[in-house]
Amino acid sequence: MIRELQDKSGATIDVTDEQEEGKTVIRLSGELEEIERAKVLLARIYQDEARSPQKTNEDAIADEFEIPEDKCGLVIGARGSKIREIQADTGVSVNVGSRDTAMLGMIKVTLKGDKDRCADARKIILDLISDADNDNQEAEPGYSDTITIPLDMTRKLIGPQGATIREIQDESGAQVDVARRNTAVNGMIEVTLSGPKECCESAKNLITNLVEESSHPAETVLMMIEESMCGLIIGARGAKIRGIQDNSGASIRIDKRNEARDGKVQVTITGTAQQCTDAKEEIEMVIEEGGSKEPKNRSFDGGDFTIQVYVPETRCGMIIGRGGSKIAEIQQKTNTRVDVNSRERDERGMCLVTISGVEDKCKEAEEIVMGIVNEEERDRGERSERGPPTERGSMDIWVDTSCLGRIIGKGGIKIREIERIYKVKIDVKKDVVEENETKVVLIGTKDDVLATRDHIYDIVDEEL
């Protein structure tokens with residue numbers, strides 16, 4: 001049923017083990033429209049259940065049976081995902097005993113609920129185990145190997161949200177299990193490889209190469225790029241720069257635009273010699289492809305004409321665009337230099353935008369900038385004519401924990417400024433962290449929430 005609801009709504013539905021006031025907590029994630037659709041579908045199911053004849057407690061039973069201890073992980077799933085799926089599909093409470101309660105290698109499973117539904121849940125669990133046993137019989141004889149790696153390499157091996165370890169498993173065909181950090185001895189931690197022998201050997205080589213590459217002294221390559229190319233290299237919400245980093249294995253940092261010197265911005269590439277070379281080549285390719293859309297000898301020094309205009313603070317982000325993409329587009333189209341200075345304001349709190357270049361091109365750029373500003377005024381007028389504001393909602397996003405400081409600011413000054421500009425509530429869940437990413441909840445109207453999300457991603461992209 002959960003999969004059906006996810007397919008219909010497009011949202012991710014997570015039935016948790018948490019309880020609030022006797023009710024199960026269900027988490028929804030995705031686009032705002034998808035979340036709203038999921039809410040409606042869940043509400044309908046709840047209403048239908050409420051209308052249907054209620055079963056008495058006499059219909060509820062407790063069914064107990066045992067499963068092999070080594071199959072517990074199969075039934076529970078990653079972070080409890082499989083057991084929650086079984087509970088959601090059958091409506092039965094499923095409890096798998098802890099490993100310290102095992103007797104003769106067997107663990108007790110307890111099902112509570114309607115008799116027929118308990119039978120369904122029991123069949124699902126036993127089928128899971130049976131399928132796994134059949135797969136093992138068809139596969140080559142079992143084999144396992146244990147290697148040790150430095151404790152500080154575990155995060156590198158696992159990767160963002162488990163991406164690296166999944167890639168190693170997919171490429172090698174072996175199962176890779178990293179021991180808990182508190183089991184480390186002398187700064188070394190065990191990694192267990194299981195599966196066919198050649199698959200384990202392949203995984204061992206991949207892990208060994210990863211450790212060796214990371215242990216080599218990192219090299220640093222510096223390159224200067226046109227300020228207008230920053231948006232192209234970063235891409236929408238950092239997609240392009242993350243792709244370059246993933247492809248090359250190098251770490252890339254682009255200086256802030258306000259640190260530009262003579263229209264040039266420094267790019268710092270860190271990694272092995274080969275990684276740095278690969279990353280530099282990819283960046284040069286992006287610049288060449290982006291630059292092919294305009295004359296190669298383009299320069300902002302073609303004229304000394306300057307126009308200064310003041311724009312509302314709320315439009316600065318739209319003029320700059322995601323990762324600087326919009327301002328780069330304006331500069332490329334008009335062959336001018338456009339600088340947005342959100343710190344320099346007039347008595348009305350308006351931000352300064354400076355346009356420099358040839359006179360007619362500057363005026364063309366000014367028209368584009370003012371068009372963006374006027375578009376907001378038209379939107380305000382349309383919203384006021386439509387009547388009351390749209391319904392408020394919430395959206396969960398995940399932000400690299402190391403970037404939270406840039407979003408919150410000293411004493412919370414930055415996050416309060418974002419809330420004031422975009423008219424939203426931002427709730428940073430510092431206690432909800434997964435794979436170096438912290439959950440952030442945005443609350444407001446759909447447009448304001450989406451604009452805030454893009455602004456926060458831009459801040460993160462600058463840090464990357």
Side-chain angles (χ1 to χ4, degrees), residues 29-33 35 227 230-242 253-259 265 310-330 338-345 349-353 369 372-373 375-377 379-380 383 389-390 392-430 437-464:
S29 58
E31 297 291 341
L32 206 56
E33 300 94 326
I35 292 175
E227 185 181 357
C230 291
L232 288 173
I233 296 171
I234 294 173
R237 297 200 300 272
K240 175 62 73 174
I241 194 170
R242 281 196 292 270
R253 183 186 182 280
I254 300 178
D255 284 355
K256 301 174 187 176
R257 296 174 69 87
N258 58 11
E259 297 175 354
V265 173
Y310 285 87
V311 303
E313 182 182 18
T314 56
R315 299 316 284 171
C316 289
M318 296 300 294
I319 294 170
I320 295 172
R322 296 178 183 176
S325 58
K326 187 63 179 178
I327 199 169
E329 178 186 329
I330 297 172
V338 182
D339 293 307
V340 178
N341 189 345
S342 58
R343 297 182 180 180
E344 187 169 342
R345 308 181 186 180
M350 306 279 272
C351 300
L352 176 64
V353 176
V369 170
I372 296 173
V373 174
E375 181 181 355
E376 180 198 31
E377 299 301 326
D379 290 344
R380 282 179 179 171
R383 286 196 293 269
T390 56
R392 293 169 66 84
S394 66
M395 174 185 288
D396 295 349
I397 64 174
W398 293 85
V399 176
D400 193 305
T401 304
S402 63
C403 299
L404 286 180
R406 294 177 57 82
I407 296 169
I408 298 172
K410 188 174 182 180
I413 187 171
K414 183 65 177 178
I415 199 169
R416 287 195 297 271
E417 180 183 6
I418 297 173
E419 289 178 324
R420 177 178 59 81
I421 293 173
Y422 292 98
K423 300 179 179 62
V424 298
K425 171 66 177 174
I426 303 175
D427 185 8
V428 180
K429 303 288 188 181
K430 291 188 176 180
E437 290 187 330
T438 299
K439 182 179 179 180
V440 178
V441 181
L442 311 179
I443 304 172
T445 65
K446 174 185 172 183
D447 291 341
D448 291 339
V449 165
L450 292 175
T452 306
R453 178 198 65 183
D454 292 343
H455 181 73
I456 290 176
Y457 283 151
D458 285 341
I459 293 175
V460 174
D461 292 342
E462 289 181 5
E463 182 71 14
L464 293 173

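Atom OH of Y310 sits about 10.0 Å away from atom CE of M350, to the nearest 0.5 Å. With rounding to the nearest 0.5 Å, the separation of NZ in K240 from CD1 in I233 is 10.0 Å. The SG atom of C230 lies 10.5 Å from the CD1 atom of I327; values are rounded to the nearest 0.5 Å. Expressed to the nearest 0.5 Å, how far SG of C403 lies from CD1 of I408 amounts to 11.5 Å. Taking CD1 of I407 as the start and OH of Y457 as the end, the distance is 10.0 Å to the nearest 0.5 Å. The distance from the CG atom of D454 to the CD1 atom of I459 is 11.5 Å, given to the nearest 0.5 Å.
Looking at every heavy atom in both residues, K439 comes nearest to D396 through CE-OD2, 3.1 Å. Across I443 and V449, no two heavy atoms sit closer than the pair C-CG2, 4.0 Å. The shortest non-hydrogen separation linking Y422 to H455 is OH-ND1, 3.3 Å.
Remark: the T445 side chain and the D447 side chain contain no N/O donor-acceptor pair separated by less than 3.5 Å.
Within the 4.5 Å cutoff, side-chain heavy atoms of I372 are placed close to those of I319. Contact of the I426 side chain with the L442 side chain is registered, since non-hydrogen atoms from C-beta on lie closer than 4.5 Å.
A salt bridge is absent between R416 and E419; no separation between the charged side-chain nitrogens and carboxylate oxygens falls under 4.0 Å. A salt bridge links E31 with R453: the distance from a Lys NZ or Arg NE/NH1/NH2 to an Asp or Glu carboxylate oxygen falls below 4.0 Å. With respect to the salt-bridge test (charged N to carboxylate O, under 4.0 angstrom), the residues D427 and K425 do not qualify. Using a 4.0 Å cut-off between charged side-chain N and carboxylate O, K423 and D448 make no salt bridge.
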* For side-chain contact (heavy atoms from CB on, under 4.5 Å), just list the numbers for V353 and D339, CA-CA rounded to whole Å, side-chain angles, deciding distance to a tenth of an Å, and then say yes or no. => CA-CA 6 Å; V353 176; D339 293 307; over 6 Å; no

* Asked: Hey, mind stepping through V441 and K429 against side-chain contact (heavy atoms from CB on, under 4.5 Å) and telling me if it holds?
  -> CA-CA 7 Å; V441 181; K429 303 288 188 181; 4.0 Å; yes

* Asked: Between I415 and V428, is a side-chain contact (heavy atoms from CB on, under 4.5 Å) present by the stated rule, with each step listed?
  -> CA-CA 10 Å; I415 199 169; V428 180; 3.8 Å; yes

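Residues passing the salt bridge (Lys or Arg N to Asp or Glu O under 4.0 Å) test with K430, sequence neighbours excluded: none.
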